Amino acid sequence: MHSLVSPRIFFVRLLALSFLAAAAFSFLQCKGRAAAAEAANSRPNIVLIFCDDLAYGDLASYGNKKAKTPNLDRMAAEGMRFTDFYVGQPVCSASRAALLTGCYPNRVGIQGALPPRARTGLNPREITIAEILKERGYATAIYGKWHLGDSPECLPTRQGFDEYFGLPYSNDMWPNHPTSGTNYPPLPLFENEKVVELMPDQTKLTTWYTERAVKFIEKNKERPFFLYLPHSMPHVPLHVSDKHKGKSGSGLYGDVIMEIDWSVGEILKTLKQNGLDEKTLVMFSSDNGPWLLYGNHAGDARPLREGKMTSFEGGVREPFIARWPGRIPAGKVSHELATAMDLLPTFARVAGGKVPADRIIDGKDIWPLLSGEPEAKSPHKAYYYYWGDHLQAVRSGPWKLHLPHEYASVEPAGKDGKPGKNRNRLIGLELFNLEADPGETTDVSDRNSDVMEQLEKLAEACRLDLGDSATKTKGKGVREPARISPIVAQAQNGNVLLHSRDVSIHGINVRYEPQTNKNTIGFWTRKEDWVSWDFEILKPGTFEVEILQGCGKGSGGSEVDFAVGDQVLPITVQDTGHFQNFVPRVIGKYALTKAGQYTLSVKPRTKPGVAVMDLRQVMLKPTRE
Ligand code: MG
């Protein structure tokens, strides 16, 4: 058969084809290598600056004509700012839990503002932004206010941060509080897990945090880093260094904002000097709106309504500025709804990290918004306004429905560091169009019954998931916070009762078993598991130690050390016939010769039977020596 193509032409075509294929292959290979290289490089530094109680209207870029915030203005001009950015709840700890876990605060069990020696904290099982980035090889640090639990197991160093320097909670939780100082112990300043100073000079805080931040950037300029800078300011009591005192022309609050802006300037300058501008995503926001109770020592959320601790926009809507030259378009403003919870998935995306897949994460990746993708829309169908466990409002699109609730409105406001008075007010079922009416002034519920119905449906679905104290709904999607056992106080008669219900657990199996017939430390099936109590001695002396212990038939013989410091009382567990057959027994004495805090630990050395023992309590009784 006559071929249509001569062998020569066929050969040339074959050659051309194979050349094309090779070229295509090498192009693809190149592209693959480029993608791989980009993935390897796709670990931008992340700097997250987070203020405390800064208001929506405090910055010049958010309309404040008096504000002296040139560095933040520049950051907004070189990056993107958001008009509809929400935090998790209008109060410190809850908001920070949302930021760091990407979840509604009630999902992770953190509410309100945790007090000193808090009995709850962010569960170490939650996965924070710092942990996600650390897994990607980031150096991680926090300089500033933590406020997610001040017991050792809840500190930042247990939540993915290599370094910590700052306050464990709010700067007003100290003996100098204007109305409730007696409630508070001396304010500690932490370096990692150690208290390095009590009652630090607060005029230095912003400077100290900034100096640490600058050093951290310089130290880690050759590797990816995550710097979390949660300022203690402008939360009351306001403090500013001499650098900025009296410089703003608008009072102490203005000076404090000026100093925060200075700090932002130092960060931006350091990034530039180290050639890190194009490699660094910098973000700025705050945990909640202004504490209006403090009058001239609070910020200004206008045009939004109300402030901190309310579900009005002034409580939860915050300035949000993001800058990453070359990656985030300059000078843009986004009106899409975004939240602090979105930062976790967004950081995971830009750093090539993983969003936890074994649990619900409420935040969404907002990189399409940040990178200026045309037509990018908010990934959120709705935002839910909670105060504690109470669902108070829901927003979808421009619509916000308030469910009937009380709220604290300030009247009169305080002045110069002294709080004013809160008055309870009531808002009924009211609907606002936030696009037309961001100040929530005009209820339009009577004209929009279909919208109301939709929002009520969203609220109902949310209740089933996250719960609602108003309807006594228990949420199916909520997780437990860390629960910290209390510091046991010495009784009037001098006794110290270390009961199993107050014990701290260190291990996998051992636990407090609350059933009335048990009411004991039990399931002590691993020799590696141990327990401890913290207690406080006010009247020092020598104490007889009496334990109430049970042990099942044939399981006796475990050797266990009861220790306070280097005073160790070793025992051999006695078989009492049944684990819940408790028998009192004096095991020795401790000399606790100074007033103060002690820890008693109970650690097994051997475990010949099925379990170490059941231990209901340890009693320390003063002796008359
Ligand atoms: Mg706050």
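Indexing begins at 1, ligand by ligand and atom by atom, following the structure's order. If you're wondering where the values come from, they're calculated on a predicted model, not measured in any experiment.
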Only one of F284, Y56, F82 forms a ring-ring contact (aromatic ring centres under 6.0 Å, His included) with Y62, so which one is it?
Y56
Can you tell me, to 10 degrees, how wide the angle at the Mg ion (ligand 1) is between OD1 on N288 and OD1 on D53?
100°
Set out, in order, the CA-CA distance, both residues' side-chain angles and the distance that settles salt bridge (Lys or Arg N to Asp or Glu O under 4.0 Å) for R158 and E193, then state yes or no.
CA-CA 9 Å; R158 311 291 178 96; E193 297 188 2; 2.6 Å; yes
Measuring to the Mg ion (ligand 1), does C92 have an N/O/S atom at a distance below 2.8 Å?
yes
Polar side chain donor-acceptor pair, D389 to Q111, under 3.5 angstrom:
yes
Near the Mg ion (ligand 1), is there an N/O/S atom from S170 that is less than 2.8 Å away?
no
Whether the H380 and D342 side chains hold a donor-acceptor pair (N or O, under 3.5 Å, no angle test) is what I'd like checked.
yes
Within rounding of 10°, what is the angle whose vertex is the Mg ion (ligand 1) and whose arms end at OD2 of D287 and OD1 of D52?
90°
